[in-house]
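So that the names make sense, note that chain A is the first sequence line, chain B the second, and so on, each numbered from 1. For the numbers below, each heavy atom of this structure counts, side chains included, while hydrogens, waters and symmetry mates do not.
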Amino acid sequence: MPVKPAVSVVASPAAEKTTPSSPAPVSPVREFLNTRGSGRLADTSFAALMLACACSIFVIVLFIFWILIQNSHLSLAAFGWKFFTREAWDPVSGDFGALPFIYGTLATSLLALAMAVPLALGVAIFLTELCPRPLRAPISFLTELLAAIPSVVYGLWAVFVLVPIMRDTLGPFLVKTLGWTGFFEGANFGVGLLTASIILAIMILPIISSLTRDIMTAVPHSQREAVLALGATRWEMIRIGVLRNSRIGIVGAVMLGLGRALGETMAVTMVIGNHPEIHKSLFAPGYTLASVIANEFAEATGDLYYSALIEIGLALFLVTIVVNAVARLMVWAVTRGAPSRAS
Amino acid sequence: MGVGIQVEDLNAWYGSTHTLQDINLHIPANHATALIGPSGCGKSTFVRCLNRMHETNPIARATGVVKMGEIDIYREASPVEIRRRVGMVFQRPNPFPTMSIYDNVISGLKLNGFRNRRILDETVERSLKQAALWEEVKDDLKKKSGASLSGGQQQRMCIARALAVDPEVLLMDEPASALDPVSTSKIEDLIFQLKTQYTIVIVTHNMQQAARVAENTGFFLNGKLVEFDSTHKIFTNPRDKRTEDYITGRFG
Ligand SMILES: Nc1ncnc2c1ncn2[C@@H]1O[C@H](COP(=O)(O)OP(=O)(O)OP(=O)(O)O)[C@@H](O)[C@H]1O
Ligand SMILES: [Mg+2]
């Protein structure tokens, strides 16, 4: 059955003026490109080089781990893996355990995250979505400047400003309003877990917010437009068009902030009170893994003491790994089954 | 000069989805070949298999043989060499936002280390003229970012970028879908000029366009090549009922 053509196939005028000409000479561009090699060697060596870089990370991590294990063998032999769950810390009688330090480290770091993350997100959202253009650069610059201040300076500031505020104003206020929770009890000298957490929060705020800002700026404008055109308010646009697209990157930024909080030494040592005890009250003094190493390493007398401090380092190392693994798992659980970004 | 492309038993997957099934066809050298078919039938996927772009998607996989001239591109050449000889215009314009128009157009030459200023200038002018964009951008070639152009202008700039490397095969995935009738007809004229020297594969939803520019046309449906024949035959007397339904608009 003949088909009625939907379109007419007549040679257009352009068809007539192009009778096949004699083969065109090879252009200089093509000539040049044809002399280029396959790049296979370059690509393979580049890949090998990058692999070497990636492996060096493994090697460094394993090396650190090995050194830590080796140098803490005395304490490992004396207390076994129980070391990580024992509460004692008595250099005089040679009785050591890491639990108070692990508690202090986790409590201050997580508390700092709880305070810093919402603030950092707010700063980043303000900078990318709401801030008037002329103010953007100066504010971003200030945020980054905060990240560059050495931690001992933060520590000094905390000792002279934060501690009095905690002791005289914020502390009594917390006792009055939230005292019933049991988190704000006992003597409040201004130094302790809460003060350490606050200074940590201030210290990690700039890292998290400037990384988050960079991640959010990288979200293509067309994503924002797509959401706005559906009639979204500005906040809905930020939630769906920006935050949702950058969530994995934001988790990465938070993890970097947490890493800094876990390992922070100087500023924390200056305001945490340095007592290896576990208290529910956030006014109580505490101690962190990093602080105890910094404070006691130079004076560590006796091989077991020395070895126990190294094992504290091992504990810090493991805490960092476990915390990161847990965070990855959380990301995986949240994004599992959801479509990933198109490649 | 262009080279012919021989495709044998080409299969392609995205994850576990079998997107292209047993495609066999010969794309003759120095001719234009049009690919038509409903949306989502696998035209873009097929075109991407011709310069090994398909494999850049981490979940994608392809089997079968694709020969460019005498070379089996999946076994006898590196993807880099193949892509250097095959120009590609994507369905969605993808300018480099941090480069000027000038740098966008010659990016294929720059990355290969081509430095001759005079030839670079000439190439930019020639390719932009061929892509029918020269008049609109010649005054701010180096001032404006490639992303600051309108959608259709970006598409023409991407065509110019593909032409600048003087490819032997030109793959165009709906190059005119965002263009006005005047630019469209300029692009069609360009295909007319180029096809005496290059092998051109063009995906299009515009059947008049297929009829105007291409000697041969392939009709894809659900990942299969239903029919491949001379454009004249496809549009006047197709063998397959499904082709007939599609081109007469009785599809679906
Ligand atoms: N990146 C991808 N990941 C997963 N599946 C994909 C991807 N790209 C395409 N597909 C699937 O492969 C099939 C063929 O897609 P393709 O883009 O080749 O269609 P097309 O013929 O070019 O359509 P259109 O005319 O709309 O451009 C579709 O069903 C699509 O769902
Ligand atoms: Mg397509």
Can you tell me how far the CZ atom of B:Arg126 sits from the OG atom of A:Ser27, to the nearest 0.5 Å?
6.5 Å
Under 4.5 Å from any heavy atom of chain A - which part of B:Ala60
neither
Give me each pair satisfying ring pair (Phe, Tyr, Trp, His ring centres under 6.0 Å) with a member in residues 27-50 of chain A, each pair once, sequence neighbours excluded.
A:Phe32-B:Phe114
Determine the minimum heavy-atom distance between B:Asp166 and A:Val29, stating which atoms define it.
CB-CG1, 4.2 Å
Which answer fits B:Thr123, side chain, backbone, both or neither, if we ask what part of it has an atom under 4.5 Å from a heavy atom of chain A?
side chain
Is the number of heavy atoms from other residues, nucleotides or ligands within 6.0 Å of CZ (A:Arg136) greater than 12?
yes
Could you give the distance from CZ (A:Arg30) to CD (B:Gln197), rounded to the nearest 0.5 Å?
12.5 Å
Between A:Asn34 and B:Glu168, does the side-chain contact (heavy atoms from CB on, under 4.5 Å) criterion hold? Intermediate values first, please.
CA-CA 11 Å; A:Asn34 285 344; B:Glu168 295 164 50; 4.2 Å; yes
Looking only at B:Val213, B:Val165, B:Asn112, B:Val80, the option with the highest number of non-hydrogen pairs under 4.5 Å against chain A is B:Asn112
Any residue meeting salt bridge (Lys or Arg N to Asp or Glu O under 4.0 Å) with A:Arg224, in chain and number order, not counting sequence neighbours
A:Glu129
Can you tell which part of B:Ala210 gets under 4.5 Å to a heavy atom of chain A, answering side chain, backbone, both or neither?
neither
Below 4.5 Å, heavy atoms only, C-beta onward: do B:Glu81 and A:Arg36 meet side chain to side chain?
no
